[in-house]
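Report on one structure; see the data block that follows.
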Amino acid sequence: MTQGKDSSDENFGILLGWNSSPAGERIALKMQSTRKIVESEEDVREYRYFLSKEQAVQLGNYLYTLAGETAPIRKKRGLIERLFGG
């Protein structure tokens, strides 16, 4: 917390959902949250972020670690997939 601000100035909430999509070399991330039980559209706040692909990977790995999980490991492509672009 920044000195001089009271706790009501802090942003907090309950994550309701998120959506992401490619945005050129970046990833567009939209997150929705609320501070209370949702009774109307005005109760939902939306935040939009643009992340580099590296930031997205770091965030994903960080969240896996916090959750006590390990990130999935990509299966290496076999010879047929490499030859035929699968």
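One is the number of the first residue; the rest follow in order along the sequence.
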Straight-line distance of R48 CZ to N19 CG, nearest 0.5 Å: 9.0 Å

Distance in Å, L63 CG paired with E69 CD, rounded so as to fall on 0.5 Å steps: 12.0 Å

Is it true that M31 and V44 fall in one hydrophobic cluster, defined by side-chain heavy atoms closer than 4.5 Å? no

Does the side chain of P72 reach to within under 4.5 Å of the side chain of Y64, using non-hydrogen atoms? yes

In short, I27 meets A56 closest at the heavy-atom pair CD1-CB, 3.6 Å

Closest heavy-atom pair, Q55 versus F50, reported as atoms and distance to 0.1 Å, is OE1-O, 4.3 Å

Neighbour count >12 (heavy atoms, 6.0 Å) for atom CD, E46: yes

Verify the cluster assignment for L15 and Y47: are they in a single hydrophobic cluster under the rule of side-chain heavy atoms below 4.5 Å apart? yes

Sequence neighbours left out, what passes salt bridge (Lys or Arg N to Asp or Glu O under 4.0 Å) with K36? Give chain and number order. D43

Does L66, at its CG atom, have more than 12 non-hydrogen atoms belonging to other residues, nucleotides or ligands within less than 6.0 Å? yes

Any idea which heavy atoms bring L29 and S20 closest together, and the distance? CD1-CB, 4.2 Å

